[in-house]
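The structure appears right after this line, and notes come after that.
Just so we're on the same page: letters track the sequence lines, and every chain starts at 1.
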Protein chains: 2
Amino acid sequence: MSSTRSRARPGEGEKLREEILLAAESLLVETGTDGALTLRAVAARAGVTTPSVYLHFANRDDLLEAVCLRSWGELERRMRERSEGVDDPLRVLGRCGRVYATFGLEHPVQYRVLLMRPSAHRSPGARECFRYVTEAAAACVSAGIMRGRPESLAVGLWSALHGLVSLLIAQPEFDWPDDLDTLIDDVVRMAGFGTVLASRIPREATPTSAQLAEGLDALTANWPERDQPRR
Amino acid sequence: MSSTRSRARPGEGEKLREEILLAAESLLVETGTDGALTLRAVAARAGVTTPSVYLHFANRDDLLEAVCLRSWGELERRMRERSEGVDDPLRVLGRCGRVYATFGLEHPVQYRVLLMRPSAHRSPGARECFRYVTEAAAACVSAGIMRGRPESLAVGLWSALHGLVSLLIAQPEFDWPDDLDTLIDDVVRMAGFGTVLASRIPREATPTSAQLAEGLDALTANWPERDQPRR
DNA sequence: AGCGTCAAGTTGACGGTGTCAAGTCAGCTC
DNA sequence: GAGCTGACTTGACACCGTCAACTTGACGCT
């Protein structure tokens, strides 16, 4: 292969790793599918022969995960930004949830690679996601609005959001409503309210449908309709 | 290829389709992964050459989906069986949710193929799932416990359950609690209660954390602790 | 009995894939 | 300038999904 790229000097082998990641990333956004990320295509774009990729990545999956993780830091940044200065912990949870869903839908390939494929090892993507949610849940617990271990609450919250995002990604041809923002908001509200309520009702005291309906009628009747912007 | 299998008689070509499906299914349960379902392996097990598969399936994906759909009817059967004779619509929802999650975890490969991969067409697996949940949600609405369009409510309920199942399948190495049944139950309760509560709180009247906590304290105080078996 | 037909299945190949063992080559050190 | 070592290439292997062209064998018809 007589390419333009010149061999790196000893000690600078890491350069190639970066160039491969860059090539893979551009290939990913151009094609929109990870199927296009073949070792040959990536290597060619990086101006290098195919087996050279193995100098820096154990196998294709390793490369795939590494390139998808590159966009992942942005998620945390956006969550912090979006919930900055918000006091009400439930509202923080809501904002983070919306950011999470929006981010997932904006990066469907990365989301799918990091969270929707069987990953043999402890996926860093998953641990990150869980950490964010656990933090937000912990805030709700210390505010006295939720009860129980933050980790347990977080699993439920994460499940709801992840379920929505992954269904939207995997089943694009499904008969989804037009207004995705409202859909996301509905699920965020459901998950938030549900976690609060479920954490306050002991399993042994699960009410019947009638009891619950009656109780909630009384509850919501006390809330005057307020007029505040949704976000 | 001088195999044992004798060529089917004209008009009986459909026999091969069944034999291929059978071969593929057994291969799937033996290996536990759909990656092992190569056309060559399936054809060999069916006692036939590789291209013969194309007589009955358009491509590998088509075969994969067909074989995974075979187990799918069982899900509806189990749901109906498990919720038979239960009056309380919320309790029906709970039972269906637990059946759904358990079934998904018992058939991880099928679940993944049908619901966790980008499917270009309207996946029958997805439509089935959604139908079940919508039915259960509709019952809650007509009982007056939930409000709104059953389809909208169903998306949320489905998301929560699907989220849990798909995370458990895709991230087996995550730090899950030991007791999966309780975990499932938590998510089912969260989704059920949350859908009820969210459907009764207009978006414009979203309470603050403090309001919600206070209201719920009053609410649950009225429920005497009852002693009834969980299922 | 023999023949044509047509469905059922096979042969053989193509282009593509991930992966690996062995080789080469440039730059640094001594 | 010899030699070492890290950076990369060569060339191959086994396997994959898919397809066009071919063969085979059972049936209906005369």
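The salt bridge (Lys or Arg N to Asp or Glu O under 4.0 Å) check on A:Arg122 picks up B:Asp175, with sequence neighbours excluded. Partners of A:Arg189 according to the salt bridge (Lys or Arg N to Asp or Glu O under 4.0 Å) rule, which considers only residues two or more places apart in sequence or in another chain, do not exist here. For the salt bridge (Lys or Arg N to Asp or Glu O under 4.0 Å) test, residues two or more places apart in sequence or in another chain that qualify with A:Glu128 are A:Arg131.
If you measure from atom CG of B:Leu55 to atom P of D:dT18, you get 14 Å, rounded to the nearest angstrom. Computed from coordinates, the B:Leu64 CG to D:dT18 P distance equals 11 Å when rounded to whole Å. A:Arg17 places its CZ atom 16 Å from the C1' atom of D:dA7, with the value rounded to the nearest Å. Atom NZ of B:Lys15 and atom P of C:dG9 are 10 Å apart (whole Å). Atom C1' of nucleotide D:dG17 and atom CG of B:Asp34 are separated by 15 Å, given to the nearest angstrom. Here C:dG9 presents its P atom at 5 Å from CG of B:Leu16, a figure rounded to the nearest Å.
When atom types are taken as modelled, the side chain of A:Arg95 and the backbone of A:Ser83 share no donor-acceptor pair closer than 3.5 angstrom.
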Query raised in the report: When every nucleotide of nucleotides 18-23 of chain C is labelled 5' to 3' by its protein contacts under 4.0 Å (heavy atoms), B for base, S for sugar-phosphate only, - for none, what sequence of letters results?
Result: BBB---
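Contact check, B:Ser52 against C:dG9: no side-chain N or O comes under 4.0 Å of OP1 or OP2.
Residue pairs meeting the ring-ring contact (aromatic ring centres under 6.0 Å, His included) criterion with at least one member in residues 63-82 of chain B, sequence neighbours excluded, are B:Trp72-B:Phe103.
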In residues 57-68 of chain B, what donor-acceptor pairs under 3.5 Å come from side-chain atoms, sequence neighbours left out?
residue	atom	partner	partner atom	Å
B:Asn59	OD1	B:Asp61	N	3.3
B:Asn59	OD1	B:Asp62	N	2.9
B:Arg60	NH1	B:Leu37	O	2.7
B:Asp62	OD2	B:Ala58	N	3.2
B:Glu65	OE1	B:His121	NE2	3.2
B:Glu65	OE2	B:His121	NE2	3.0

